[in-house]
Structure formats: C-alpha cells, structure tokens
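Every value quoted in this text rests on a predicted model; they were computed, and no experiment measured them.
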Amino acid sequence: PSTTSKIPEPGVGRTSLSTYQIDEEFENEIRNATEFDGTLLQRIRLYKNVSIDQLSEATKIGRHYLMAVETNDYKSLPAAVFVRGFVVQIARILGLDDQKVASSYMKLFRSGGGK
C-alpha cells in the first residue's frame, strides 16, 4: 500500500499537476476577482506551480496559444469558440470556476478585437 496520503498538509494546495504553498491573500484576490484576463490567469498558473509546458501537455493546447491567452494577444488566437474552450480547460486545471473565468475572458477577447 502507498504511504502517501491524499490529505493535503495545512497550507498546501493541489492541482492535478502540482502542489503549492497557499497564500491566503492571493486566494482571496482570486475568489473575489470578477475579471479574469490573461495576466491574472498567468499569475494564478505561476502561483500554483504549473508550467506552460505542463499546461500544454495536459490540455493539448499549443504553447503559442497558451502564451497568447496569458498575454491577452487576442489577434494571435483562433475563433472565439476555440478560445472559450481553451480558457475553460485552463480554468479547470487551475481549480477555478470555469464558467466565470470563460465568460469574463471572452468579454475581454471580444472587446479586444478577437475573432
């Protein structure tokens, strides 16, 4: 039998790809966020110790698209239906409310000149 327990130690958070030290202040910022742009998604990804390569591997989304999402480079992204799917997958991996994140990001995507 495995000796690793599934009960996280206090102060440690988990995603399907990583473990990380919980920062209550940032956790509150995430909980209270109403606007999820690429910059915030990148901060959350880095905070949760998920590399762009791990995210690309887990979601099968190309690194260039992930980086375009994180830099709000809407012109480099494909059609909105694909971008929404990307953002939903990213949010799920990062343990975020995928619908809240996707609708927020898509508003920015459309107003930012995305396809």
Side-chain angles (χ1 to χ4, degrees):
S2 166
T3 56
T4 56
S5 109
K6 283 289 170 206
I7 302 162
E9 308 101 79
V12 175
R14 293 186 192 288
T15 70
S16 58
L17 303 174
S18 67
T19 57
Y20 58 96
Q21 284 304 120
I22 290 177
D23 170 347
E24 276 310 324
E25 205 171 301
F26 192 42
E27 291 285 336
N28 280 330
E29 184 183 330
I30 295 167
R31 261 192 300 277
N32 297 322
T34 53
E35 191 171 277
F36 287 86
D37 69 344
T39 310
L40 180 56
L41 291 175
Q42 181 183 50
R43 284 179 57 215
I44 295 168
R45 177 180 62 75
L46 293 171
Y47 161 65
K48 294 194 173 184
N49 289 326
V50 176
S51 75
I52 203 99
D53 290 325
Q54 286 175 302
L55 193 57
S56 175
E57 182 67 30
T59 59
K60 305 295 182 224
I61 300 167
R63 290 180 83 242
H64 60 287
Y65 284 146
L66 292 173
M67 286 159 57
V69 166
E70 288 188 352
T71 56
N72 301 311
D73 179 4
Y74 307 124
K75 304 265 188 259
S76 297
L77 288 166
V81 63
F82 295 110
V83 176
R84 184 178 184 85
F86 291 173
V87 174
V88 164
Q89 288 188 67
I90 293 166
R92 285 182 182 157
I93 296 261
L94 297 178
L96 304 169
D97 175 338
D98 55 22
Q99 294 311 309
K100 183 171 148 184
V101 172
S103 61
S104 166
Y105 191 89
M106 294 315 293
K107 268 186 215 133
L108 298 167
F109 176 77
R110 283 188 287 276
S111 65
K115 299 179 189 88

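Contact annotation: the side chain of Glu70 never approaches that of Thr39 to less than 4.5 Å [non-hydrogen atoms, C-beta and beyond]. Contact annotation: the side chain of Asn72 approaches that of Tyr105 to within less than 4.5 Å [non-hydrogen atoms, C-beta and beyond]. Side-chain contact between Ile44 and Phe36 is present, with at least one heavy-atom pair separated by less than 4.5 Å. Residues Asn49 and Thr19 are not in side-chain contact: their nearest non-hydrogen atoms beyond the backbone lie 4.5 Å or more apart. By the 4.5 Å heavy-atom criterion applied to side chains, Ile90 and Val101 are not counted as neighbours. You'll find the side chain of Arg45 reaches within 4.5 Å of the side chain of Ile52, heavy atoms only. At a threshold of 4.5 Å between non-hydrogen side-chain atoms, the residues His64 and Leu66 do not count as touching. For the pair Arg43/Leu40, a side-chain contact is recorded, criterion being any heavy-atom separation below 4.5 Å from C-beta on.
Taking the six-membered ring where tryptophan is involved, the planes of Phe26 and Tyr47 are perpendicular, since the angle between them exceeds 60° and thus also 30°.
Of all heavy-atom pairs between Gly113 and Lys75, the closest is O-NZ, 3.3 Å. In terms of heavy atoms, Tyr65 sits closest to Pro78 at CE2-CD, 3.5 Å. Residues Gln89 and Thr59 come closest through the heavy atom pair OE1-O, 3.2 Å. Residue Ala33 comes nearest to Lys100 through the heavy atom pair O-CE, 3.1 Å, listed as atom of the first residue, atom of the second, then distance. Between Glu25 and Asp23 the shortest heavy-atom distance is N-OD1, 3.0 Å. Nearest heavy-atom pair across Ile61 and Ser56 is O-OG, 2.7 Å.
Taking a 6.0 Å sphere around CE of Met106, one finds it holds more than 12 heavy atoms contributed by other residues, nucleotides or ligands. No more than 12 heavy atoms of other residues, nucleotides or ligands shown are found within 6.0 angstrom of CD on Glu57.
Atom OH of Tyr74 is separated from atom CG of Asp37 by 6.0 Å, given to the nearest 0.5 angstrom. Expressed to the nearest 0.5 Å, how far CD of Gln42 lies from CG of Leu94 amounts to 11.0 Å. We find the CD1-CG distance between Ile93 and Leu17 to be 4.5 Å, quoted to the nearest 0.5 Å. From Arg63, atom CZ reaches atom CG of Asp53 across 4.5 Å, with rounding to the nearest 0.5 Å. Distance check, rounded to the nearest 0.5 Å: CZ of Arg31 to CG of Asp97 gives 13.0 Å.
Looking at Lys48, its side chain never comes within 3.5 Å of a backbone N or O of Tyr20 through a donor-acceptor pair.
Leu46 and Ile30 are not part of a single hydrophobic cluster, where members link through side-chain heavy atoms under 4.5 Å apart. Residues Val88 and Leu41 fall into different hydrophobic clusters, defined by Ile, Leu, Val, Met, Phe, Trp and Tyr side chains chained together at heavy-atom separations under 4.5 Å. Under the 4.5 Å side-chain heavy-atom criterion for ILVMFWY residues, a single connected hydrophobic cluster contains both Val83 and Val81.
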* To do: I would like to know whether Thr34 and Ser104 meet side chain to side chain contact (heavy atoms under 4.5 Å, CB included); could you show each step before the answer?
  => CA-CA 7 Å; Thr34 53; Ser104 166; over 6 Å; no
